[in-house]
Amino acid sequence: DERVFVIVSDALRYEAGVELAEKLNNETIGECKIESMLGVIPSATKFGMAALLPHKEIDVDSNLQVMVDGNNSSGLNNRHKILQNNIPESIALQYKDIINMNKMERRDTVKGKKLIYIYHDTIDAVGDSPATEINTFNAVEDTLEQIHGLVRIIQGDLSGINICITSDHGF
(Lines give C-alpha, C1' and ligand atoms only; values in the text may rest on other atoms or scores of the structure.)
Protein backbone atom coordinates (compact mmCIF):
# COMPACT_ATOMS: atom_id res chain seq x y z
CA ASP A 1 0.00 0.00 0.00
CA GLU A 2 2.98 2.31 -0.23
CA ARG A 3 3.27 4.86 -3.00
CA VAL A 4 5.64 3.90 -5.83
CA PHE A 5 7.29 6.19 -8.35
CA VAL A 6 8.44 4.67 -11.66
CA ILE A 7 10.82 6.70 -13.79
CA VAL A 8 10.96 5.37 -17.35
CA SER A 9 13.95 6.80 -19.19
CA ASP A 10 13.68 6.09 -22.91
CA ALA A 11 16.85 4.45 -24.31
CA LEU A 12 18.81 4.40 -21.03
CA ARG A 13 21.39 1.64 -21.40
CA TYR A 14 22.32 -0.72 -18.57
CA GLU A 15 25.85 0.69 -18.35
CA ALA A 16 24.48 4.20 -17.83
CA GLY A 17 22.12 2.74 -15.24
CA VAL A 18 25.11 1.36 -13.33
CA GLU A 19 26.67 4.83 -13.31
CA LEU A 20 23.35 6.33 -12.17
CA ALA A 21 23.05 3.78 -9.33
CA GLU A 22 26.56 4.68 -8.13
CA LYS A 23 25.71 8.38 -8.24
CA LEU A 24 22.46 7.88 -6.34
CA ASN A 25 24.15 5.72 -3.69
CA ASN A 26 26.84 8.38 -3.21
CA GLU A 27 24.68 11.49 -3.30
CA THR A 28 21.17 10.67 -2.04
CA ILE A 29 19.57 9.22 1.05
CA GLY A 30 18.61 5.57 0.78
CA GLU A 31 19.88 2.51 -0.98
CA CYS A 32 19.92 2.03 -4.72
CA LYS A 33 20.21 -1.43 -6.23
CA ILE A 34 20.54 -2.24 -9.92
CA GLU A 35 19.27 -5.37 -11.61
CA SER A 36 19.24 -6.40 -15.23
CA MET A 37 16.12 -7.60 -16.97
CA LEU A 38 15.27 -9.04 -20.34
CA GLY A 39 14.07 -6.58 -22.91
CA VAL A 40 11.50 -7.09 -25.60
CA ILE A 41 12.13 -7.77 -29.26
CA PRO A 42 12.03 -5.79 -31.40
CA SER A 43 13.95 -3.32 -29.26
CA ALA A 44 11.85 -0.26 -30.02
CA THR A 45 10.06 2.30 -27.89
CA LYS A 46 6.49 1.29 -28.69
CA PHE A 47 7.14 -2.31 -27.62
CA GLY A 48 9.32 -1.56 -24.60
CA MET A 49 7.02 1.11 -23.18
CA ALA A 50 4.06 -1.26 -23.45
CA ALA A 51 5.97 -4.03 -21.66
CA LEU A 52 6.68 -1.73 -18.70
CA LEU A 53 2.99 -1.15 -18.02
CA PRO A 54 0.96 -3.45 -15.77
CA HIS A 55 -0.72 -5.93 -18.08
CA LYS A 56 -2.16 -9.36 -18.65
CA GLU A 57 -1.70 -9.38 -22.42
CA ILE A 58 0.27 -7.43 -25.01
CA ASP A 59 -0.62 -7.74 -28.66
CA VAL A 60 -0.11 -5.92 -31.95
CA ASP A 61 -3.20 -5.00 -33.98
CA SER A 62 -3.56 -4.94 -37.77
CA ASN A 63 -2.27 -1.32 -37.85
CA LEU A 64 0.88 -2.36 -35.92
CA GLN A 65 -0.32 -0.52 -32.81
CA VAL A 66 0.85 -2.16 -29.57
CA MET A 67 -2.19 -3.04 -27.48
CA VAL A 68 -2.04 -3.61 -23.72
CA ASP A 69 -5.05 -5.58 -22.48
CA GLY A 70 -6.92 -4.41 -25.59
CA ASN A 71 -5.95 -0.71 -25.21
CA ASN A 72 -3.64 1.27 -27.47
CA SER A 73 -0.43 1.95 -25.53
CA SER A 74 0.90 4.77 -27.72
CA GLY A 75 1.40 8.10 -25.99
CA LEU A 76 1.08 9.42 -22.48
CA ASN A 77 -2.73 9.66 -22.40
CA ASN A 78 -3.18 6.04 -23.43
CA ARG A 79 -0.56 4.86 -20.94
CA HIS A 80 -2.32 6.86 -18.23
CA LYS A 81 -5.60 5.06 -19.05
CA ILE A 82 -3.89 1.67 -18.93
CA LEU A 83 -2.37 2.48 -15.54
CA GLN A 84 -5.74 3.60 -14.20
CA ASN A 85 -7.44 0.45 -15.51
CA ASN A 86 -5.04 -1.55 -13.33
CA ILE A 87 -4.60 0.82 -10.40
CA PRO A 88 -7.21 3.60 -10.22
CA GLU A 89 -4.97 5.74 -7.98
CA SER A 90 -2.27 6.13 -10.62
CA ILE A 91 -1.00 8.82 -12.96
CA ALA A 92 1.37 9.11 -15.92
CA LEU A 93 3.43 12.30 -16.25
CA GLN A 94 6.16 13.69 -18.48
CA TYR A 95 9.50 14.54 -16.88
CA LYS A 96 9.46 18.06 -18.34
CA ASP A 97 6.02 18.74 -16.86
CA ILE A 98 6.91 17.68 -13.32
CA ILE A 99 10.22 19.59 -13.49
CA ASN A 100 8.39 22.77 -14.51
CA MET A 101 5.99 22.55 -11.56
CA ASN A 102 6.63 24.14 -8.22
CA LYS A 103 6.57 22.11 -5.01
CA MET A 104 2.86 22.67 -4.31
CA GLU A 105 1.86 21.85 -7.89
CA ARG A 106 3.83 18.60 -7.68
CA ARG A 107 2.19 17.67 -4.41
CA ASP A 108 -1.28 18.46 -5.73
CA THR A 109 -0.62 16.43 -8.89
CA VAL A 110 0.37 13.24 -7.04
CA LYS A 111 -1.95 13.66 -4.05
CA GLY A 112 -3.85 10.43 -3.42
CA LYS A 113 -1.87 8.54 -6.08
CA LYS A 114 -0.35 5.13 -5.30
CA LEU A 115 1.51 4.69 -8.58
CA ILE A 116 3.23 7.54 -10.41
CA TYR A 117 4.91 6.90 -13.78
CA ILE A 118 7.25 9.64 -14.96
CA TYR A 119 8.40 9.41 -18.58
CA HIS A 120 11.83 10.85 -19.46
CA ASP A 121 13.27 10.91 -22.99
CA THR A 122 16.44 13.00 -23.24
CA ILE A 123 18.59 10.19 -24.67
CA ASP A 124 16.04 8.94 -27.18
CA ALA A 125 15.14 12.45 -28.33
CA VAL A 126 18.79 13.11 -29.21
CA GLY A 127 19.89 9.65 -30.34
CA ASP A 128 16.88 8.89 -32.51
CA SER A 129 17.76 11.41 -35.21
CA PRO A 130 20.75 11.08 -37.57
CA ALA A 131 21.27 14.84 -37.34
CA THR A 132 21.76 14.76 -33.55
CA GLU A 133 22.86 11.21 -32.73
CA ILE A 134 26.48 12.40 -32.43
CA ASN A 135 25.38 14.06 -29.17
CA THR A 136 24.04 10.85 -27.61
CA PHE A 137 26.85 10.52 -25.09
CA ASN A 138 26.27 14.10 -23.92
CA ALA A 139 22.58 13.24 -23.62
CA VAL A 140 23.52 10.33 -21.34
CA GLU A 141 25.39 12.71 -19.04
CA ASP A 142 22.42 15.11 -19.08
CA THR A 143 20.09 12.21 -18.31
CA LEU A 144 22.11 11.12 -15.29
CA GLU A 145 21.92 14.66 -13.88
CA GLN A 146 18.22 15.01 -14.73
CA ILE A 147 17.21 11.72 -13.12
CA HIS A 148 19.38 12.42 -10.09
CA GLY A 149 17.59 15.77 -9.72
CA LEU A 150 14.21 14.10 -10.20
CA VAL A 151 14.97 11.56 -7.47
CA ARG A 152 15.88 14.42 -5.14
CA ILE A 153 12.56 16.13 -5.97
CA ILE A 154 10.64 12.91 -5.35
CA GLN A 155 12.38 12.41 -2.03
CA GLY A 156 12.25 16.03 -0.90
CA ASP A 157 9.06 17.54 -2.33
CA LEU A 158 6.93 14.39 -2.53
CA SER A 159 8.26 12.30 0.37
CA GLY A 160 8.82 9.40 -2.03
CA ILE A 161 10.87 6.47 -0.83
CA ASN A 162 9.98 3.74 -3.34
CA ILE A 163 11.47 4.77 -6.67
CA CYS A 164 12.05 2.42 -9.59
CA ILE A 165 14.12 3.65 -12.53
CA THR A 166 13.86 1.64 -15.71
CA SER A 167 14.09 1.87 -19.47
CA ASP A 168 12.26 0.52 -22.47
CA HIS A 169 15.48 -0.25 -24.42
CA GLY A 170 19.06 0.94 -24.81
CA PHE A 171 20.40 3.16 -27.54
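Bear in mind the structure is a predicted one, so any value in this text is a computation, not a measurement.
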May I have the step-by-step check of side-chain contact (heavy atoms from CB on, under 4.5 Å) for I7 and L150, ending in yes or no?
CA-CA 9 Å; I7 301 169; L150 182 56; 3.7 Å; yes
Does E22 form a side-chain contact (heavy atoms from CB on, under 4.5 Å) with I34? I'd like the steps, not just the answer.
CA-CA 9 Å; E22 291 171 0; I34 185 164; over 6 Å; no
Do L144 and V18 sit in one hydrophobic cluster, given that two such residues count as connected whenever their side-chain heavy atoms are within less than 4.5 Å of each other, even indirectly?
no
Donor-acceptor pair between H169 and T45 side chains, under 3.5 angstrom
yes
Please answer: with hydrophobic residues joined when any side-chain heavy atoms are less than 4.5 Å apart, are V6 and M101 in the same cluster?
no
CG (N138) and OG1 (T143) are apart, to the nearest 0.5 Å, by 10.5 Å
Can you run down the side-chain hydrogen bond (donor to acceptor under 3.5 Å, both in side chains) pairs that involve residues 87-110, sequence neighbours left out, and say none if there aren't any?
R106-D157
Does OH belonging to Y14 count more than 12 external heavy atoms closer than 6.0 Å?
yes
Other residues, nucleotides and ligands only: do more than 12 of their heavy atoms fall within 6.0 Å of CD on E35?
no
Do the side chains of L52 and F5 join up, straight or via other hydrophobic residues, at under 4.5 Å, putting them in one cluster?
no
Is there a side-chain contact (heavy atoms from CB on, under 4.5 Å) between V126 and E133? Walk through the geometry before answering.
CA-CA 6 Å; V126 170; E133 69 183 2; over 6 Å; no
Consider only side-chain N and O atoms of T122 and Q146, and report whether a donor and an acceptor are under 3.5 Å apart.
yes
Cluster check I82, I91: I/L/V/M/F/W/Y, side chain < 4.5 angstrom:
no
Verdict with reasoning, M49 to V8, per side-chain contact (heavy atoms from CB on, under 4.5 Å)
CA-CA 8 Å; M49 290 294 183; V8 180; 3.5 Å; yes
Can a donor-acceptor pair be found, under 3.5 Å and without considering hydrogens, that links the side chain of N63 to the backbone of Q65?
no
A quick test of your reading: do over 12 heavy atoms of other residues, nucleotides or ligands sit less than 6.0 Å from CD of E2?
no
Side chains of S167 and D10, donor plus acceptor under 3.5 Å
no
Tell me, which pairs form a ring pair (Phe, Tyr, Trp, His ring centres under 6.0 Å) where one or both residues lie in residues 37-73, sequence neighbours left out?
none
R79 to Y119, cation-pi by 6.0 Å centre distance and 45° axis angle:
yes
Inter-residue atom distance N72.CG - K46.NZ, 0.5 Å rounding:
9.5 Å
Same cluster for I116 and V151 if Ile/Leu/Val/Met/Phe/Trp/Tyr side chains link at under 4.5 Å?
yes
Got a second to check how far L83's CG is from L76's CG, nearest 0.5 Å?
9.0 Å
Could you tell me whether K81 atom NZ has more than 12 heavy atoms of other residues or ligands within 6.0 Å of it?
no
